[in-house]
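All remarks here apply to the structure that follows.
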Amino acid sequence: MGNQDPEAHLILQAFRALTRLAAPGLLLKAEAMVAPELLGGYLGNHEVYRPECDLAYDNQLMVMLWSSMATGDARLATRALSRRPPPPDPTSWVSYLRCHDDIGWAVSDLDAEAVGLDGPGHRRQLSDFYAGKVAGSFARGEVFQVNPSGASPISGMLASLCGVQVALAGGDPIELELALRRLESMYSVAFSFGGIPLVYMGDELAMMNDLGFADEPGHGVDNRWLHRPRMDWSLAQRRTEPASVPGRAHAALRALATARRGQPSLRSNATTRLVDGPDRQLLSYLRCAPGQPPVLAVVNVGRWPQPLDPAIEAAGFGRPVLIHASLGWPAGSMQLPGCGFSWFTEAG
């Protein structure tokens with residue numbers, strides 16, 4: 001759904017009202033590929049709340065994560081995500097990193113300018129980076145439907161976009177470690193920022209691009225089939241091998257789900273507040289639910305380790321207690337590894 005006309009919202013409001021009469025248990029989910037400023041409207045977030053969809057893909061969060069990982073700089077994400085209104089109480093985001101469609105670069109010019117970026121230029125940079133056209137890019141996606149502005153959307157599986165494919169092809173264990181931490185840390189945000197986390201099939205095994213997609217009749221004209229693979233059951237059988245790539249990805253996502261389950265402040269009804277700390281490599285935010293201990297999430301979007309003390313101090317945590325962190329991160333360490341994450345609560 002990409003329509004920005006007021007009539008689109010009126011149709012949704014009418015449809016929502018009719019479904020409540022005929023099928024009150026039905027939930028409506030919006031896939032609204034619009035400018036970030038317009039996204040909340042599809043959840044009924046207008047001057048006066050008018051019910052529309054119950055759920056909506058949080059494509060702004062997705063794009064901000066890809067942008068942060070490409071640049072190693074979280075300032076744009078902090079700015080953009082801190083100024084948008086929360087979804088109305090009866091609704092929720094669907095938090096995701098990939099879906100069946102291409103990635104369009106929903107970056108507001110206003111947000112870009114606020115952190116010293118040129119909006120059109122940054123969108124072109126992201127397109128080139130994730131198509132692997134930039135020196136030093138860890139990504140191997142493909143441009144989908146070339147945009148004359150250069151800000152073309154991108155196709156590709158998560159593991160191929162976050163560096164696993166490049167690292168394995170080059171036999172580089174350091175790059176593979178960073179790539180798997182990117183996968184885990186990006187999903188840590190999907191599991192903790194607010195909304196319902198969505199795991200796209202194959203991400204839990206670090207499945208890569210389907211390079212043979214064009215051999216399927218009718219698929220060659222649409223490279224989105226690059227990230228619409230058939231399930232690789234041989235890869236799934238390796239999920240219990242702890243040292244393997246699919247085993248590490250599977251263990252990481254299972255651990256995230258387990259940790260989230262035990263923290264009421266990570267559920268959908270908690271509030272989210274961005275923490276604007278001094279370190280541009282750290283994306284930090286607080287989750288708070290009434291009567292529950294708060295949770296501080298910190299993600300290092302850069303490849304170099306960063307101290308956690310500034311983020312913890314900026315959040316106002318006096319006695320932080322570690323809940324969960326990147327697999328393999330030494331307990332008690334206050335240096336967050338490159339592309340790593342951590343979740344803290346505060347001692348009572």
Side-chain angles (χ1 to χ4, degrees), residues 1-67 76-114 119 123 153 189-198 200 260 264-274 285-292:
M1 182 188 300
N3 199 321
Q4 302 178 25
D5 295 332
E7 290 81 0
H9 292 286
L10 294 175
I11 291 170
L12 277 174
Q13 291 160 26
F15 188 63
R16 159 70 179 249
L18 291 171
T19 60
R20 285 303 180 269
L21 294 174
L26 178 69
L27 295 180
L28 303 180
K29 183 176 70 173
E31 184 180 349
M33 300 298 114
V34 296
E37 292 83 358
L38 302 173
L39 185 57
Y42 291 90
L43 290 174
N45 215 346
H46 306 286
E47 290 183 9
V48 176
Y49 171 61
R50 297 191 296 274
E52 294 190 18
C53 294
D54 304 282
L55 304 170
Y57 280 120
D58 193 350
N59 68 304
Q60 187 183 28
L61 177 64
M62 175 193 68
V63 169
M64 287 299 109
L65 288 175
W66 287 117
S67 171
L76 176 61
T78 300
R79 153 75 187 192
L81 296 170
S82 64
R83 75 181 187 91
R84 69 178 188 176
D89 283 341
T91 70
S92 180
W93 298 116
V94 175
S95 302
Y96 72 118
L97 309 176
R98 267 248 42 90
C99 70
H100 64 283
D101 227 332
D102 53 285
I103 299 175
W105 302 113
V107 176
S108 161
D109 288 346
L110 185 65
D111 291 328
E113 290 168 7
R123 291 189 288 271
V189 180
F191 273 76
S192 66
F193 195 81
I196 301 170
L198 181 152
Y200 190 62
R260 181 183 191 271
S265 284
L266 293 183
R267 297 173 189 169
S268 298
N269 63 341
T271 60
T272 305
R273 178 172 69 82
L274 275 294
Y285 49 94
L286 276 170
R287 300 296 316 286
C288 301
Q292 300 293 334

R287 backbone acceptor or donor facing R273 side chain under 3.5 Å: no
Student check: side-chain heavy atoms of R79 and M64 closer than 4.5 Å: no
Partner residues of H100 under the ring pair (Phe, Tyr, Trp, His ring centres under 6.0 Å) criterion, sequence neighbours left out: none
For the student: nearest non-hydrogen atoms of W105 and R123, plus distance: O-CD, 3.2 Å
Atom pair CG/CG of L43 and L55 - distance to nearest 0.5 Å: 8.0 Å
Return all side-chain donor-acceptor pairs below 3.5 angstrom for residues 88-97, not counting sequence neighbours, or 'none' if the list is empty.
unit_1 : atom_1 : unit_2 : atom_2 : d
T91    : OG1    : P88    : O      : 2.8
S95    : OG     : G194   : O      : 2.7

Spacing of R260 atom CZ and S265 atom OG [to the nearest 0.5 Å]: 11.5 Å
Distance (rounded to the nearest 0.5 Å) between Q13 CD and L18 CG: 12.0 Å
CA sep, side-chain torsions, deciding dist, call: Q292, R267, side-chain contact (heavy atoms from CB on, under 4.5 Å): CA-CA 11 Å; Q292 300 293 334; R267 297 173 189 169; over 6 Å; no
S82 (side chain) donor-acceptor with T78 (main chain) under 3.5 angstrom: yes
Min side-chain heavy-atom separation S268-I196 under 4.5 Å: yes
More than 12 heavy atoms of other groups within 6.0 Å of Y49 OH: yes
Closest heavy-atom pair and its distance - P153, D102: CB-OD2, 3.0 Å
Reported CG-to-CG distance for the pair L26 and D54, which is rounded to 0.5 angstrom: 7.5 Å
Check: S192 side chain, L266 main-chain N or O, donor-acceptor pair, under 3.5 Å: no
Evaluation steps, side-chain contact (heavy atoms from CB on, under 4.5 Å), between N59 and E31: CA-CA 9 Å; N59 68 304; E31 184 180 349; over 6 Å; no
Parallel, tilted or perpendicular: ring planes of Y285 versus F193, cut at 30 and 60 degrees: perpendicular
Approximate separation, where rounding is to 0.5 Å, of E37 CD and L110 CG: 7.0 Å
Any R50 side-chain heavy atom under 4.5 Å of L12 side chain: no
Atom of Q60, atom of P36 and distance for their closest heavy-atom approach: NE2-CB, 3.3 Å
Minimum side-chain heavy-atom gap L81-R84 below 4.5 Å: yes
For N45 against P87, the heavy-atom pair lying closest together: ND2-CA, 4.3 Å
